[in-house]
J.: 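Structure in structure tokens, see below.
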Amino acid sequence: MARFSSLLILILCLTGCETAPVTPRAETASGLPPVIMISIDGFRPDSLHRGDTPTLDALAEQGISAPMRPSFPSITFPNHYTLVTGLRPDHHGVIGNTMIDPDIAGEVFSVSRKTGLDDPRWWDNGTPAWVTAQMHGLMTAVMFWPGSDVPILNTRPEIWYHFDPKRTPTQRVDTVLSWFEHPPEKRPALSLLYFDGVDHAGHKYGPFAPETRAAAREIDTALARLINGLSLHHIAANILVVSDHGMTTLSPQRIIPLTSLAPAKSMEVVTSGPYAGINPVPGHERDLARALSIPHDHVTCWPKARIPERLHYGSNPRVPAWLCLAETGWTLARDPHEHISAGGHGYDMAAPDMMATFIASGPAFLSHKTLQPIDNVDVYPLLMMLLGLLPENNDGSLTPLQGGLRDTYRAIQ
Ligand SMILES: [Zn+2]
């Protein structure tokens, strides 16, 4: 792993340019334009161009965009960590929003119960981009990205915060803008910014509800403020806008009680909802296997060793013994009478409703370009190239994004 700030010139030489490279303006200590990656949790790509998001629409027009497949499971923590490591959840270890690990005895990682989240042992199978950047002397600043408040490999971003859902999109943007009020050498080379409002509204009201559209408008307005603020500081940043997954409509009419799949006494349910992770109660291994091997409507179950390869899921010790995956829009429920949200996600990442958003705009990118669908593991190699850093080993590739890069940024693989 080594810094390669001369990457652009090297690439130009390899691609046979005849004129001197047009070096992007040095806006930070890295000598490269700052990189700002923004996550809008649960933002579907078809939410663009509907009149709610003029700022995002303009960013996509001025730059490149593509539908983006999340990694399985299509939920928040695994995919946010994939976006900054380029690793599938099986490889970076954040395999769910709820996890148990035989090597981390007595602790449950649970996003909903807020337990174990700041224990680096859950995170340190991956090296997020901010850690690599910090280790190479680049300043990073992160507003709420999952994992950014954890000392992963004993390193946090230079600026970080504990998640506070009460901070409005405008307040979050104003904090980011404050990072750029300093002279170029003190500005972050990498900034990350996270918005949860669309996901929150999507779960509560459904993906197409007026409240969800209003949440998108509020974030879009805040992003206009960000772009105007950067412009006032004469900063030409490479801006990436991503989401972690899509959102689909749920219904109390589409519930599969887990007890309809196997006897309650045979199951230790680690997680349920769009998919269920189930371990056998000791002594009931064969009962559970027999029950879950029977075909059921609207759900498919596999022992972890037989999960289809395209899901890239099941090799990690944290993945429970059985995975049951519901058909998109159906809910696997511990309790047949449990409350079902209006919207949800976590399904097969190839399902159209689970598709995520990718937009990139700035000096590195061509304009008016829509690319073929990409995988979200491909964002990390792009991020590292934009920072002038060699990526850690990862599951992604820059190739699907090459067609959206300006000549001076086209990188070698
Ligand atoms: Zn999410």
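For ligands, and for the atoms within them, numbers begin at 1 and follow the listed sequence. Only this structure's heavy atoms are used, side chains among them; waters, hydrogens and symmetry mates stay out. Note that this is a predicted model, so its numbers are computed, not measured. Numbers for residues simply follow the sequence, beginning at 1.
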J.: Under 2.8 Å from the Zn ion (ligand 1), is there an N/O/S atom belonging to H245?
T.: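 True for H245.
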
J.: With the Zn ion (ligand 1) as the reference point, give the N/O/S atom of D244 that is nearest.
T.: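 Atom name returned: OD2.
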
J.: Can you tell me if S243 has an N, O or S atom under 2.8 Å away from the Zn ion (ligand 1)?
T.: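 Not a single backbone or side-chain N, O or S atom of S243 is under 2.8 Å from the Zn ion (ligand 1).
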
J.: Within 2.8 Å of the Zn ion (ligand 1), is there any N, O or S atom belonging to D41?
T.: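 Yes, D41 qualifies, because one of its backbone or side-chain N, O or S atoms lies under 2.8 Å.
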
J.: Kindly state whether the ring of Y194 and the ring of W145 have centres lying under 6.0 angstrom apart.
T.: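 Between Y194 and W145, the centre distance exceeds or equals 6.0 Å.
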
J.: Between R44 and D353, does at least one N-O distance fall below 4.0 Å, as a salt bridge requires?
T.: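 Yes, this pair counts.
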
J.: Centroid-to-centroid, H345 to H203, below 6.0 Å?
T.: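 Aromatic pair counts; centres sit under 6.0 Å.
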
J.: Hey, which of D375, D244, D348 is the one that makes salt bridge (charged side-chain N to carboxylate O under 4.0 Å, His left out) with R69?
T.: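 Among D375, D244, D348, the one meeting salt bridge (charged side-chain N to carboxylate O under 4.0 Å, His left out) with R69 is D375.
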
